[in-house]
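Treat the numbers as computed from the prediction; the structure is a model and nothing was measured. Per chain, numbering begins at 1; letters A, B, ... match sequence-line order.
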Amino acid sequence: MFDIKWISANPEAFDAALKTRGMEPVSKSLVALDDERRAVVAELNAVQEKRNASSKLIGQAKAQKDEARAQELMAEVGGLKDRLGELEAREKALTEDIRAALSVIPNMPAEGVPVGADESENVPYFRANESDATRPAKPNLGFTAKEHYELGEAMGGMDFETAAKLSGSRFVVLKGQLARLERAIGQFMIDLHVDAHGYTEVVPPYLVRDEALFGTNQLPKFEEDLFFTPHGEGRLALIPTAEVPLTNFVRESILTEDELPLRFTALTPCFRSEAGSAGRDTRGMLRQHQFNKVEMVSITTPDKSAEEHERMLACAEEVLKRLGIHYRVMQLCTGDMGFGARRTYDIEAWLPGQDTYREISSVSVCGDFQARRMDARYRDENGKPQFVHTLNGSGVAVGRALIAVMENYQNEDGSVSIPDVLRPYMGGIEKIGG
RNA sequence: GGAGAGAUGGCCGAGUGGUCGAAGGCGCACGCCUGGAAAGUGUGUAGGCGGGGAACCGUCUCGAGGGUUCGAAUCCCUCUCUCUCCGCCA
């Protein structure tokens, strides 16, 4: 969420940022609302001051048993009540209008983010001394690669028909060694982030309230992507990503600077309605209503967030490097970035069966956008509360990592070899199926 | 699910209608004291919003929201959360 004061001071920059996201300028109407609000607040404060002063005098008069004087003052101050109520109501309405308007405006892209309309304008990302050659190579299969569901169904470990009977489309049942492989991948990844990358493992709630969803931008704009379940008089949402609970850990708090950065990771199921994706990726388990994912979240000071972003990307890449899966990193253009992101890197794993790259991780820095929504702050060196910066990234999606392992490690007989790093999690076996 | 208790500043804790943003203590910061430290001692120590170059001033906030009142931490209503006991339960 934007700071209305910043918009007032920088209306052109604000509108220019919106434009890169394909949005119309709105600074003028927002600033007008804010000007009106400030005028109302000024008058409200003045009237309150008058009332408070009179009330104190009444208290004094009563203490001195000067009932006549007290009555006189009470009659006088009583006349302020209507005006006070009116001003309070207007202030509240204006504040709410501004908040409502701000809550649906996406974040401003960071400096240097490529301007573009959609994913076709994303650009490959390499650090210094980095190239395709410094990443795992594509596998040299020497036969026609199968897609993951062909392999999975053939080995009897991936069952979409049964899942459909239970739950409908976009669900899958994994069985036997494939189920274990899915678990192994999740274990491997979370161990990596905890042991090698310094993240604190968390088991968060999988059901969250609306306030948490507002904090991480799912609400109010993306309600239709979520699953809700009734709860008491209200409702709870199944988390679409562990970003929601992990980031909201710091909501409504003032941290000390030496607590930062906070780094959390969690392996959780994620639930998404995929309302906007009808007909896309319907085959296989690429796009499911339920999937497991290892998520990383960092909370930092503003001066450290850019560096933390690069670090987090490297943490996610390390998963694919250790699994030996070829991938590329794309920096998303302005038109393809998520609502709260200032800069996003997608990691796309090479899938031989599909003969293409598919997103397996997305790593974003949100600046203070979510912190404002959550009221998450820290005390700077002067002791003044400042908003923290938040980052989140998948490290990585377990279901998609399973797909990538299956397609990249497939053998001609339909079996799948187990990458070395996963063997300890698989009881030491070297391959499954076939 | 039933019964009860509670929510006050970084923490503990007082405060049942009047100058209370809030006693006292702890913690913390700075100073004094000390050769140095401890002890002692002095001062300071919430956040939001509005105004102002700033010092500062005003206002709002005692879990949240509403109400009564000239005036609410204190009274009323609703909600949220926490704790205790009982029941049920992985």
**Item:** Pairwise 5' ranking along RNA chain B for Gln60(A) and Ala42(A), keeping only the more 5' one
**Value:** Gln60(A)

**Request:** Please state the C1' separation for the pair C57(B) and G53(B) - nearest whole angstrom.
**Result:** 15 Å

**Prompt:** When the P atoms of G66(B) and A14(B) are considered, how many whole Å apart are they?
**Reply:** 29 Å

**Prompt:** Please give, in whole Å, the distance from U59(B) C1' to Arg90(A) CZ?
**Reply:** 17 Å

**Prompt:** Between U45(B) atom C1' and Ile254(A) atom CD1, what is the distance in whole Å?
**Reply:** 14 Å

**Request:** Please say which of Arg358(A), Arg400(A), Arg170(A) ends up in a salt bridge (charged side-chain N to carboxylate O under 4.0 Å, His left out) with Asp281(A).
**Result:** Arg358(A)

**Asked** Quick one: Asp258(A) CG to C28(B) C1', roughly how many Å, whole number?
**Response** 13 Å

**Request:** Classify the nucleic acid contact of Leu73(A) as base, sugar-phosphate or nothing, counting any heavy atom under 4.0 Å across all strands shown.
**Result:** nothing

**Message:** Check this for me, if you would: do Asp15(A) and Lys19(A) make a salt bridge, where the nitrogen-to-carboxylate-oxygen distance has to be below 4.0 angstrom?
**Reply:** no

**Message:** Strictly by Watson-Crick or wobble contacts shorter than 3.5 Å, is anything paired with U80(B), and which nucleotide is it?
**Reply:** A7(B)

**Item:** Complementary nucleotide for G40(B) - Watson-Crick or wobble, under 3.5 Å
**Value:** C32(B)

**Request:** Using the P atom on both, measure C85(B) against C28(B) and round to a whole Å.
**Result:** 35 Å

**Interatomic distance at P, U80(B) relative to A64(B), whole Å** = 15 Å

**Message:** For a quick test of reading the model: is some side-chain N or O of Lys81(A) closer than 4.0 Å to OP1 or OP2 of C70(B)?
**Reply:** yes

**Request:** Give Lys5(A) one of three labels, base, sugar-phosphate or nothing, depending on what nucleic acid heavy atoms sit under 4.0 Å from its own.
**Result:** sugar-phosphate

**Asked** When the C1' atoms of G24(B) and A37(B) are considered, how many whole Å apart are they?
**Response** 28 Å

**Prompt:** Expressed as a whole number of Å, how far does the P atom of U41(B) sit from that of G51(B)?
**Reply:** 45 Å

**Prompt:** When the distance from CG of Asp3(A) to P of C49(B) is rounded to whole Å, what number comes out?
**Reply:** 8 Å

**Asked** In whole Å, what separates the C1' atom of A7(B) from that of G63(B)?
**Response** 6 Å

**Request:** Work out which heavy atom in Ala110(A) is nearest to a heavy atom in Arg343(A); give both atom names and the distance.
**Result:** CB-NH2, 3.7 Å

**Request:** Look up atom CZ in Arg423(A) and atom NZ in Lys431(A), then write down how far apart they are to the nearest 0.5 Å.
**Result:** 11.0 Å

**Message:** Quick check: Tyr149(A) with Phe160(A) (ring centres under 6.0 Å apart)?
**Reply:** no

**Request:** Write down the distance between CZ (Arg51(A)) and P (U59(B)), rounded to a whole number of angstrom.
**Result:** 9 Å

**Request:** May I ask you to say what Glu76(A) touches in the nucleic acid, namely base, sugar-phosphate or nothing, with a heavy-atom cut-off under 4.0 Å?
**Result:** nothing

**Message:** Quick check on C60(B): is either OP1 or OP2 less than 4.0 Å from any side-chain nitrogen or oxygen of Lys92(A)?
**Reply:** no

**Asked** Taking CZ from Arg83(A) and P from U59(B), how many angstroms apart are they, rounded to a whole number?
**Response** 18 Å

**Asked** So which nucleotide does U74(B) pair with, by the Watson-Crick or G-U wobble rule with both distances under 3.5 Å?
**Response** none

**Under-4.0 Å side-chain N/O to phosphate OP1/OP2 contact, Lys50(A) with U59(B)** = no

**Prompt:** When you match His231(A) and Arg379(A) each to their closest nucleotide on RNA chain B, which lands nearer the 5' end?
**Reply:** Arg379(A)

**Request:** Quote, to the nearest angstrom, the C1' distance that separates A22(B) from G18(B).
**Result:** 14 Å

**Nearest-angstrom distance from the residue atom CD of Glu91(A) to P of U59(B)** = 15 Å

**Prompt:** Roughly how many Å is it from CG in Leu87(A) to P in U59(B), rounded to a whole number?
**Reply:** 15 Å

**Item:** Side-chain donor or acceptor of Ser364(A) paired with backbone N/O of Cys366(A) under 3.5 Å
**Value:** no

**Asked** Within less than 4.0 Å of OP1 or OP2 of G18(B), is there a side-chain N or O belonging to Asn52(A)?
**Response** no

**Complete:** Paired to G53(B) by Watson-Crick or G-U wobble criteria (both distances under 3.5 Å) is none

**Asked** Between C49(B) and Arg37(A), is there an OP1 or OP2 to side-chain N/O distance shorter than 4.0 Å?
**Response** no

**Prompt:** Is it true that Glu86(A) and Arg83(A) have a side-chain N and a carboxylate O under 4.0 angstrom from each other?
**Reply:** yes

**Prompt:** Between G47(B) and Arg377(A), is there an OP1 or OP2 to side-chain N/O distance shorter than 4.0 Å?
**Reply:** no

